[in-house]
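Worksheet: one structure, shown below.
Predicted model, so just to flag it, every value in this text is computed and none were measured.
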Amino acid sequence: MSTNRAAKADQYLNGLKENAYPGRGIVIGLTPDGTRLVQVYWIMGRSENSRNRVFVQEENGFVRTEAKDPAKLTDPSLIIYYPVKHVNGAHIVTNGDQTNTIHEALQAGGSFEIALATRTYEPDAPNFTPRISGLVDLKDGQFAYKLSILKSGDNTEEQTLRHTYTYEKALPGFGHCIHTYAGDGNPLLSFQGEPALVPLQNDAKQIADTYWHVLNDENKISLLVKTIRLGSGETELLIVNKD
């Protein structure tokens with residue numbers, strides 16, 4: 001393991017601890033023992049409506065967000081969705097209803113990129129929250145995983161910036177992290193730069209604990225860790241809800 005790589009990954013993780021509001025985030029990478037690909041997804045919120053959520057796992061392995069208290073739900077449009085779905089060995093994770101767009105495209109023989117070309121950032125001016133998405137496809141012999149961000153240019157509706165990052169090899173013990181916001185603010189500024197290198201462990205609970213504890217206590221809501229075993233495709237899912 002590269003000492004410089006480990007130091008770089010730890011540095012970004014420590015930076016997340018200092019960031020009060022990175023928003024929703026995705027990490028995709030490989031366990032140190034090289035046996036399982038990992039997807040981490042978390043949600044955060046500042047408003048009562050955003051914080052009124054939990055992750056719920058369905059019998060088919062999909063995960064949905066659900067109102068913790070249905071009586072307090074005011075606008076479900078951008079907060080109730082499936083962050084995790086899978087189809088034919090492809091495992092999708094996103095921060096919105098583009099999960100369904102990707103899932104439907106893959107079912108029809110399309111691609112991750114083609115599906116996201118039909119979508120844009122979220123219609124929540126003045127933030128124009130980015131849509132972040134990730135894919136692990138065990139049938140893809142060229143790429144280990146992909147990450148995407150669709151964001152507005154300079155918090156305006158003039159331009160959609162579309163960035164897809166493809167990783168040919170997964171690095172044992174490391175993942176790449178992308179999140180919606182650069183930090184807290186009004187308006188919230190979109191994530192800047194490329195996905196950042198971050199550390200991963202072999203144990204799903206240890207991974208969950210690592211990322212749960214670096215997220216701001218007041219703003220974090222829920223987090224999940226999904227592992228996908230190379231070869232067999234066997235999956236494991238761990239969910240942490242604040243309430």
State plainly whether one hydrophobic cluster holds both [X] and [Y], where clusters connect Ile, Leu, Val, Met, Phe, Trp and Tyr through side-chain heavy atoms under 4.5 angstrom apart.
X	Y	answer
L223	V54	no
L150	I92	yes
F55	V40	yes
Y12	W212	yes
L237	I26	yes

Report the distance from atom [atom1] of [X] to atom [atom2] of [Y], rounding to the nearest 0.5 Å.
X	Y	atom1	atom2	answer
N95	I79	CG	CD1	13.0 Å
Q57	L238	CD	CG	10.0 Å
I149	L161	CD1	CG	9.0 Å
L147	I178	CG	CD1	6.0 Å
K146	S133	NZ	OG	12.5 Å
D137	L106	CG	CG	7.0 Å

Short side-chain to backbone donor-acceptor contact, [X] and [Y], under 3.5 Å:
X	Y	result
N216	N219	yes
K72	E48	no
N155	L189	no
Q98	I132	yes
N19	G15	no
N14	V214	no
Q39	V27	no
S50	S47	no
K151	F128	no

Determine whether [X] and [Y] make a side-chain contact, defined as any pair of heavy atoms from C-beta on separated by less than 4.5 Å.
X	Y	answer
L116	I102	yes
L215	Y211	no
P22	M44	yes
S190	P130	yes

[X] and [Y]: side-chain donor and acceptor closer than 3.5 Å?
X	Y	result
R53	N241	no
T160	T120	yes
Y82	T65	no
D75	S77	yes
T99	T94	yes
D33	T31	yes
T227	E236	no

Which atom of [X] lies closest to which atom of [Y], heavy atoms considered:
X	Y	value
C177	W42	SG-CH2, 3.8 Å
Y121	T156	OH-O, 3.9 Å
G61	V84	O-CG1, 4.3 Å
L200	P32	O-CG, 3.5 Å
Y41	G25	CD1-O, 3.0 Å
A9	P199	O-CD, 3.5 Å

Step by step, work out the side chain to side chain contact (heavy atoms under 4.5 Å, CB included) result for E58 and K85. CA-CA 10 Å; E58 297 185 346; K85 283 190 172 184; over 6 Å; no
Do the charged groups of [X] and [Y] touch, with an N to O distance under 4.0 Å?
X	Y	answer
R36	E234	no
D203	K205	no
K68	E66	no
R46	D184	yes
R131	D97	yes
E122	R24	yes

Which of parallel (below 30°), tilted (30 to 60°) and perpendicular (above 60°) describes Y21 and Y181?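 Y21 vs Y181 ring planes: parallel.
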Plane angle bin for F62 and H103 - parallel if under 30°, tilted between 30 and 60°, otherwise perpendicular: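 H103 and F62: perpendicular rings.
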Residue that, paired with I228, satisfies side chain to side chain contact (heavy atoms under 4.5 Å, CB included) out of L138, V38, I28: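 The option that passes is L138.
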For [X], does the [atom1] atom have more than 12 heavy-atom neighbours from other residues, nucleotides or ligands under 6.0 Å away?
X	atom1	answer
K139	NZ	yes
K242	NZ	yes
Q11	CD	no
D69	CG	yes

Step by step, would you call H176 with Y165 a ring-ring contact (aromatic ring centres under 6.0 Å, His included)? CA-CA 10 Å; H176 287 90; Y165 302 90; 9.0 Å; no
Going through the checks in order, is the salt bridge (charged side-chain N to carboxylate O under 4.0 Å, His left out) test met by R162 and E113? CA-CA 10 Å; R162 301 173 180 275; E113 292 84 357; over 6 Å; no
With side chain to side chain contact (heavy atoms under 4.5 Å, CB included) as the test, would you mind laying out the steps for F191 and T180 before giving the verdict? CA-CA 5 Å; F191 179 88; T180 51; over 6 Å; no
Evaluate side chain to side chain contact (heavy atoms under 4.5 Å, CB included) for F174 paired with R5, printing each intermediate quantity in order. CA-CA 9 Å; F174 296 97; R5 185 181 292 159; 3.5 Å; yes
Apply side chain to side chain contact (heavy atoms under 4.5 Å, CB included) to the pair Y145 and D140, showing each step before the final yes or no. CA-CA 9 Å; Y145 55 92; D140 190 332; over 6 Å; no
